[in-house]
Enquirer: 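The following block contains the structure, expressed as structure tokens.
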There are 2 protein chains.
Amino acid sequence: MSQFFGSHENRLDVKGRVSVPASFRAALRGEAETVSLILRPSHIPGCIEAWPRTAYARWQAALDALEDFDPKREALATLLYSEAFPVDTDAQGRIVIPAELAEHAGLKEGVSFFGRGDHFHIWEPSAGAAFKKASRAMAPSFLIGRPVQ
Amino acid sequence: MSQFFGSHENRLDVKGRVSVPASFRAALRGEAETVSLILRPSHIPGCIEAWPRTAYARWQAALDALEDFDPKREALATLLYSEAFPVDTDAQGRIVIPAELAEHAGLKEGVSFFGRGDHFHIWEPSAGAAFKKASRAMAPSFLIGRPVQ
DNA sequence: GAGAAACCCATGATCTCCCATAAAGTGGTG
DNA sequence: CACCACTTTATGGGAGATCATGGGTTTCTC
């Protein structure tokens, strides 16, 4: 499976468009020809998650595993569908971030994209930098010794 | 598994390219024909880690072992993906070091490569030399007798 | 028909790919 | 073991492709 790596920063134009980093577009094209994404507010404050449709299916499978009428199912369905927005890139590889999500992330001009393997994050740059810093700070507490063999 | 030995120093050209030492390239080719690497900032200040993709997969396995929504998982994903950049050598065996990493290491013109077994380090030469010296200085305090079998 | 959204074309900056070359390394041979 | 031919390595540079971005025009919606 293709994966999203690295950090990139692009800028919103006056029409609210922003280029998806080329390396992310390449990763998307790898698994499907339509370059389309699901955007949703992350449980991490200030962060937007962006998922390829194929990877999003993983969550949909989790939903299917829950019983009908289970309150958890209702809650998960809300998260997966009601708060999520499908978006497609234009011919130049740009997306328009829905106003509700742009506000959730406090986007102004700059937009940071952080690879996370099977999906990526969209942040207002300073908030994203703070999140990165916090991640680095907590890492040594559990990253001890060698990786699992 | 391929192994990286020794130290080498090459130079960045005006386009930001630097040759990966030939012996390291040979070690990489040993396990896959595409000469590609994952670069990431080390927890050691000023140091860039370079991993063959196959060795990097072990870290990714460590990530997969953590539960969804676990803050540790979020932090580790940042380190393994958001801060990591896959790079491929050109036909001449050179890589371009991403600006974010070049800055982390304070790279100017010279670039030192230190073998570390399953991965290697990239340093600004004087910082790398200092790290080596510090390593030598502390080694006798714990390196007693025979290596572990 | 007004506003917004989608579509199309344009452009400078950056990046890749390809070819070139000097220096260093390697091996063979007398 | 001295010499030479060939290979590999590290590095330089040019041309074309790609990327991010701007902006105009058509199409859709209500």
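Proteins come first, then strands; the chains are lettered A, B, ... in the order of their sequence lines, and each starts at number 1.
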Enquirer: With a 4.5 Å limit on heavy-atom distance, are the side chains of A:Phe5 and B:Leu80 in contact?
Expert: no
Enquirer: I need the CZ-C1' distance between B:Phe85 and C:dC15, as an integer number of Å.
Expert: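 Answer to the nearest Å: 15 Å.
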Enquirer: How close do B:Pro52 and B:Asp118 get, counting heavy atoms only, and between which atoms?
Expert: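 Scanning both residues completely, I find the closest heavy atoms to be CD-O, 3.3 Å.
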Enquirer: Look at A:Arg58 together with B:Asp68 and state whether they make a salt bridge at an N to O cut-off of under 4.0 Å.
Expert: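 Looking at A:Arg58 and B:Asp68, the cut-off is met.
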Enquirer: Near DNA chain C, counting only heavy atoms under 4.0 Å, which residues of residues 6-14 of chain A show up?
Expert: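 Heavy-atom contacts with DNA chain C come from no residue of residues 6-14 of chain A; none.
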Enquirer: Kindly indicate whether the side chain of A:Ile122, heavy atoms from C-beta on, has any atom under 4.5 Å from the side chain of A:Phe113.
Expert: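 A:Ile122 reaches A:Phe113 side chain to side chain.
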Enquirer: Across the strands shown, which category fits B:Val111 at heavy-atom distances under 4.0 angstrom: base, sugar-phosphate, nothing?
Expert: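 Nothing, no heavy atom under 4.0 Å.
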Enquirer: With a 4.5 Å heavy-atom cut-off, do A:Ser23 and A:His8 have their side chains touching?
Expert: yes
Enquirer: If we ignore angles and hydrogens, is there a donor and acceptor under 3.5 Å between the side chains of B:Glu124 and B:Ser126?
Expert: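 Side-chain D/A pair, B:Glu124 to B:Ser126: present.
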Enquirer: Checking one residue: A:Phe131. Which other hydrophobic residues are in its cluster under the side-chain 4.5 Å linking rule?
Expert: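 Traced through the cluster, A:Phe131 reaches A:Ile44, A:Phe114, A:Trp123.
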Enquirer: What is the ring orientation for A:Trp59 with B:Phe69, classed by angle as parallel under 30°, tilted 30 to 60°, or perpendicular over 60°?
Expert: tilted
Enquirer: Tell me, which of residues 95-102 of chain A have any heavy atom that sits under 4.0 Å from an atom in DNA chain C?
Expert: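 Listed by number, there are none.
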Enquirer: What pair of heavy atoms forms the shortest contact from B:Lys108 to B:Leu12, and how long is it?
Expert: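 B:Lys108 and B:Leu12 have their closest heavy atoms at O-CD1, 3.2 Å.
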Enquirer: Side chains of A:Ser135 and B:Glu83: closer than 4.5 Å at any heavy-atom pair?
Expert: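 No, side chains not in contact.
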Enquirer: List every contact pair, protein side and nucleotides 17-21 of chain C side both N or O, where the distance is under 3.5 Å.
Expert:
unit_1: C:dC17; atom_1: N4; unit_2: B:Arg17; atom_2: NH1; d: 3.3
unit_1: C:dC18; atom_1: N4; unit_2: B:Gln92; atom_2: NE2; d: 3.3
unit_1: C:dC19; atom_1: N4; unit_2: B:Gln92; atom_2: OE1; d: 3.4
unit_1: C:dC19; atom_1: N4; unit_2: B:Gln92; atom_2: NE2; d: 3.1

Enquirer: To the nearest 0.5 angstrom, please state how far the SG atom of A:Cys47 sits from the CD atom of A:Glu49.
Expert: 6.0 Å
Enquirer: Tabulate protein N/O versus nucleotide N/O from nucleotides 26-30 of chain D, keeping only pairs under 3.5 Å, one per line.
Expert:
none

Enquirer: Just how far, in rounded Å, is P of D:dT21 from CZ of A:Arg25?
Expert: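 That distance rounds to 10 Å.
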Enquirer: Please work out whether the ring planes of A:Phe120 and A:Phe4 are parallel, tilted or perpendicular, with thresholds of 30° and 60°.
Expert: perpendicular
Enquirer: Return the set of residues passing salt bridge (Lys or Arg N to Asp or Glu O under 4.0 Å) with B:Glu74 (not counting sequence neighbours), or none when no residue passes.
Expert: A:Arg116
